[in-house]
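Take a look at the structure set out below.
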Amino acid sequence: MALEDIIDRIIKDAEAKAFEIKNKADSDAQEILSKAKSEAEALKKDILKENQRNKDAEIGRIMVKANLERKNRFLKARRSLIEESFKKAEEEFLNSDINILRDTFKRTILETSKGGMKEVIVSEGYRRIITEDFLKSIDSEMKLSVDSQKKDLFVLKGKNLEIDISISSALDTIKRDIESDIVKKLFG
């Protein structure tokens, strides 16, 4: 073997080795690229899923908020109607026949004043109904006081106790019960 043959052989071996290394590098590059594409695709799917979850959650929050706002508007409208109805009922009651009103208040005073209530404090609005003579017909010791500062006042007063028996107080109690029922129906 001549030197030229040895050099050709070395060149051929080197070319074969280079070809083998290049093929291995191409194969590794293809594998890395394929793996990177696969990971990128998985990451893309994860990001899209996360975006969809975020979008769904935001839509859910918006729907809940809108539903609560709708219920709140409905509740305000219902409360306004109830308020208006009770105000009208109170006005109609206080403008009823004076004898019916006095009978009603007499029963209320008798039932409530068993504990020694000896004073009735009223606002000007009750003056046409509750008079000194009317109270004396119920209990000769009962006295009448008028508080012109308050709009709606009808209080039975004893030594250590005051009981509000005004129409608005009674209607407020009924109104709270009705509003509680409405809230339960609306919000479960």
Side-chain angles (χ1 to χ4, degrees), residues 1-95 108 111-112 121 123 125 147 149-157 160-188:
M1 249 188 166
L3 184 59
E4 252 180 62
D5 288 337
I6 294 175
I7 292 175
D8 280 342
R9 176 106 175 129
I10 292 173
I11 289 174
K12 281 184 185 177
D13 285 349
E15 285 175 350
K17 188 69 173 168
F19 184 75
E20 186 181 315
I21 291 172
K22 183 184 178 298
N23 283 342
K24 174 81 168 113
D26 286 345
S27 174
D28 288 349
Q30 228 16 53
E31 188 178 318
I32 290 170
L33 186 58
S34 176
K35 189 175 178 183
K37 281 182 182 178
S38 183
E39 288 174 2
E41 195 61 39
L43 183 61
K44 177 183 169 185
K45 284 180 184 178
D46 289 346
I47 290 170
L48 289 174
K49 280 182 187 177
E50 182 64 26
N51 286 342
Q52 186 63 43
R53 277 193 299 267
N54 290 341
K55 184 174 115 182
D56 291 346
E58 183 64 22
I59 288 170
R61 282 190 293 275
I62 290 169
M63 295 297 287
V64 166
K65 184 178 177 183
N67 195 30
L68 285 174
E69 286 175 7
R70 180 187 56 80
K71 285 182 179 183
N72 195 22
R73 281 193 306 272
F74 177 75
L75 187 59
K76 283 179 182 177
R78 176 77 62 102
R79 186 175 287 134
S80 177
L81 286 173
I82 290 170
E83 197 70 40
E84 191 177 307
S85 298
F86 276 88
K87 190 78 170 155
K88 188 174 181 179
E90 182 179 354
E91 288 172 10
E92 286 180 13
F93 180 79
L94 290 174
N95 291 322
T108 303
E111 289 172 8
T112 310
I121 306 167
S123 61
D147 184 339
Q149 301 296 317
K150 302 236 167 113
K151 185 177 187 290
D152 182 36
L153 182 68
F154 188 167
V155 173
L156 288 177
K157 186 176 180 182
N160 299 319
L161 182 65
E162 288 186 5
I163 301 173
D164 183 355
I165 60 172
S166 65
I167 299 304
S168 62
S169 176
L171 292 176
D172 282 345
T173 300
I174 294 168
K175 194 177 352 175
R176 276 192 301 273
D177 292 343
I178 289 173
E179 285 178 347
S180 175
D181 289 343
I182 290 170
V183 168
K184 285 179 188 172
K185 286 178 184 175
L186 284 176
F187 300 105

To the nearest 0.5 Å, what is the distance between [atom1] on [X] and [atom2] on [Y]?
X    : Y    : atom1 : atom2 : result
E162 : I121 : CD    : CD1   : 5.0 Å
F19  : D26  : CZ    : CG    : 9.0 Å
R73  : E69  : CZ    : CD    : 6.5 Å
Q30  : S27  : CD    : OG    : 8.0 Å
R78  : K71  : CZ    : NZ    : 13.0 Å
E111 : L156 : CD    : CG    : 11.5 Å

If the condition is side chain to side chain donor-acceptor pair (under 3.5 Å), which residues does [X] pass it with, not counting sequence neighbours?
X    : value
R70  : N67
S166 : D164, S168
D13  : none
T173 : R176

Tell me, which pairs form a salt bridge (Lys or Arg N to Asp or Glu O under 4.0 Å) where one or both residues lie in residues 45-66, sequence neighbours left out?
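Sorted pair list: E50-R53, E58-R61.
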Could you work out, with salt bridge (charged side-chain N to carboxylate O under 4.0 Å, His left out) as the rule, every residue matching [X], not counting sequence neighbours?
X    : result
D177 : none
K24  : D28
E91  : none
D172 : K175

L81: partners by side chain to side chain contact (heavy atoms under 4.5 Å, CB included), with sequence neighbours left out:
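Expected list: none.
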Contacts of type side chain to side chain contact (heavy atoms under 4.5 Å, CB included), residue I11, not counting sequence neighbours
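Per chain and number, I11 pairs via side chain to side chain contact (heavy atoms under 4.5 Å, CB included) with I7, E15.
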Over 12 non-hydrogen atoms of neighbours within 6.0 angstrom of CG in N51:
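Yes.
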So, are D8 and K12 salt-bridged, with charged N and O less than 4.0 Å apart?
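Here D8 does not pair with K12 in a salt bridge, since their nearest N and O are not under 4.0 Å apart.
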For residues 31-44, please give each side-chain donor-acceptor pair under 3.5 Å, one per line with the distance, not counting sequence neighbours.
none

